[in-house]
Amino acid sequence: KNMSFDEVNAPLKVHQLSLKASRDHLDVQVKDLALITDLTNIKLDVGMNPLVVLDGQPFDSMRTTPTHLKLIASNVSQQELAQFFPDLDFLGGLPLLEIEADGEFGKLNIKRGKLGFAQNSWISFNGEVRNLHQPSKFYLDVSLQAKNISDHTLHQYLPGLGLQDFSNFR
C-alpha cells in the first residue's frame with residue numbers, strides 16, 4: 001500500500017512511499033519502490049541474497065552478498081538528499097538519475113548510469129561502487145562521458161565544488 005507523512009524536523013514531505021517486497025529466508029527482493037516528495041521522484045528495484053544482516057550478522061559482513069539494483073529518478077533533490085547523506089552537500093539542482101548495477105555489495109558494478117540536467121545535457125557513467133559495506137571507506141571508480149555540459153550547468157548542479165567560471169573563455 002501507500003504511505004505519506006511530513007517530517008517536522010526537516011523540510012521533507014513524503015507524498016508516496018510504496019513498494020512490493022518478498023523475503024525467502026535471507027533472499028530479499030524489493031520491486032517497484034516509489035518515493036515521491038515535493039522535489040524528488042524515485043523508482044527502485046533491488047535484490048540481495050543472502051542479506052546476512054537479517055541473520056544477525058554485522059553490516060560489514062555483506063561485502064560479498066550478490067546484489068542487483070535498478071534506480072530511475074526523474075528528479076533528485078540535493079536539499080532532501082543532503083539530509084540523509086551530508087557529504088553530498090556539494091550537489092545542487094534537481095537532476096535526473098538512472099543507475100543499473102549488480103555484483104557483490106562491496107564491489108558493485110555500475111553497468112549503466114546517467115545524470116541528466118537541463119537543456120538536454122547529461123553525464124553518463126559506468127564503473128564500480130566499492131565499500132558499501134563500510135560507508136566510511138565508500139569509493140567510486142567510474143568513467144564519465146558528458147554531452148552538452150555548459151559552465152552554467154556545472155555551477156547549477158555542482159555548486160559546492162567551487163569550480164572556476166570559464167564562461168568568458170572561448
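Heavy atoms only: backbone and side chains are in, while hydrogens, waters and symmetry mates are out.
- To the nearest 0.5 Å, atoms OG (S124) and CD (Q145) are separated by 4.5 Å.
- For L96, the side-chain contact (heavy atoms from CB on, under 4.5 Å) partners are E98, K114, not counting sequence neighbours.
- Under the 4.5 Å side-chain criterion, counting only non-hydrogen atoms from C-beta, V30 is not in contact with D45.
- Inter-residue side-chain proximity for V142 and N126 is flagged as unmet; no heavy-atom pair is nearer than 4.5 Å.
- Rounding to the nearest 0.5 Å gives a distance of 9.5 Å between CG of L35 and CG of L44.
- T65 meets the side chain to side chain donor-acceptor pair (under 3.5 Å) test with no other residue; sequence neighbours excluded.
- Annotation: side chain to side chain donor-acceptor pair (under 3.5 Å) contacts of D32 (sequence neighbours excluded): K20.
- For the pair F125 and L115, the tightest heavy-atom approach, listed with the atom from each and the gap, is CE2-N, 4.0 Å.
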side-chain hydrogen bond (donor to acceptor under 3.5 Å, both in side chains) between S77 and Q79: does it pass, once the steps are laid out? CA-CA 5 Å; S77 164; Q79 177 186 359; 4.7 Å; no
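- Between I149 and W122, the shortest heavy-atom distance links the atoms CD1-O, 3.7 Å.
- Ring geometry for F117 against Y157 counts as tilted: the plane angle lies between 30° and 60°, on a 0 to 90° scale.
- In this structure, K43 places its NZ atom where more than 12 heavy-atom neighbours from other residues, nucleotides or ligands lie under 6.0 Å away.
- N131 contributes a side-chain N or O that, together with a main-chain N or O of K137, makes up a donor-acceptor pair within less than 3.5 Å.
- Annotation: side chain of N49 is not in contact with side chain of V28 (no heavy-atom distance under 4.5 Å).
- When N41, D38, T37 are each tested for a side-chain hydrogen bond (donor to acceptor under 3.5 Å, both in side chains) with H15, only one passes: D38.
- For the residue pair Q134 and S136, no side-chain donor N or O sits within less than 3.5 Å of a side-chain acceptor on the partner.
- Checked by atom type and distance alone, the side chain of N148 pairs as donor or acceptor with a backbone atom of N120 at under 3.5 Å.
- Side-chain atoms of R23 and L51, non-hydrogen and from C-beta on, never get closer than 4.5 Å to each other.
- By the 4.5 Å heavy-atom criterion applied to side chains, F59 and P135 are counted as neighbours.
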Which is it for V14 and I36 under the side-chain contact (heavy atoms from CB on, under 4.5 Å) test, yes or no, and what are the steps along the way? CA-CA 6 Å; V14 175; I36 301 172; over 6 Å; no
Evaluate I99 against L97 for side-chain contact (heavy atoms from CB on, under 4.5 Å), listing each step before the verdict. CA-CA 7 Å; I99 298 175; L97 175 63; 4.0 Å; yes
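- Within a 6.0 Å radius of CZ in R63, no more than 12 heavy atoms belonging to other residues, nucleotides or ligands are found.
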Output, in order, the C-alpha distance, side-chain angles, deciding distance and verdict of side-chain contact (heavy atoms from CB on, under 4.5 Å) for H68 and V46. CA-CA 6 Å; H68 67 84; V46 64; 5.8 Å; no
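- There is a side-chain donor-acceptor pair under 3.5 Å between E80 and T40.
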Run the side-chain contact (heavy atoms from CB on, under 4.5 Å) test on K70 and I72 for me, step by step, so that the C-alpha distance in whole Å, both residues' side-chain angles and the decisive distance to 0.1 Å come before the verdict. CA-CA 7 Å; K70 183 176 182 182; I72 299 173; 4.0 Å; yes
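- Taken together through direct or relayed side-chain contacts under 4.5 Å among Ile, Leu, Val, Met, Phe, Trp and Tyr, F105 and Y139 form parts of separate hydrophobic clusters.
- Atom CZ of R130 and atom CD of E104 lie 12.0 Å apart (nearest 0.5 Å).
- The minimum heavy-atom distance between L108 and A101, with the atom names listed, is CG-CB, 3.9 Å.
- In this structure, L94 and L39 have side chains that are in contact, with non-hydrogen atoms separated by less than 4.5 Å.
- To the nearest 0.5 Å, atoms NE2 (H133) and NZ (K107) are separated by 11.5 Å.
- Of all non-hydrogen atoms in S61 and V52, the two that sit nearest each other are OG-CG2, 3.2 Å.
- At least one side-chain heavy atom of M62 sits less than 4.5 Å from a side-chain heavy atom of V53.
- A salt bridge is defined here as a Lys NZ or Arg NE, NH1 or NH2 lying under 4.0 Å from an Asp or Glu carboxylate O, and E100 with R112 meets this definition.
- In this structure, P50 and P66 approach most closely via the heavy-atom pair CD-CD, 4.1 Å.
- In this structure, the side chains of D102 and L69 stay at 4.5 Å or more apart for every pair of heavy atoms.
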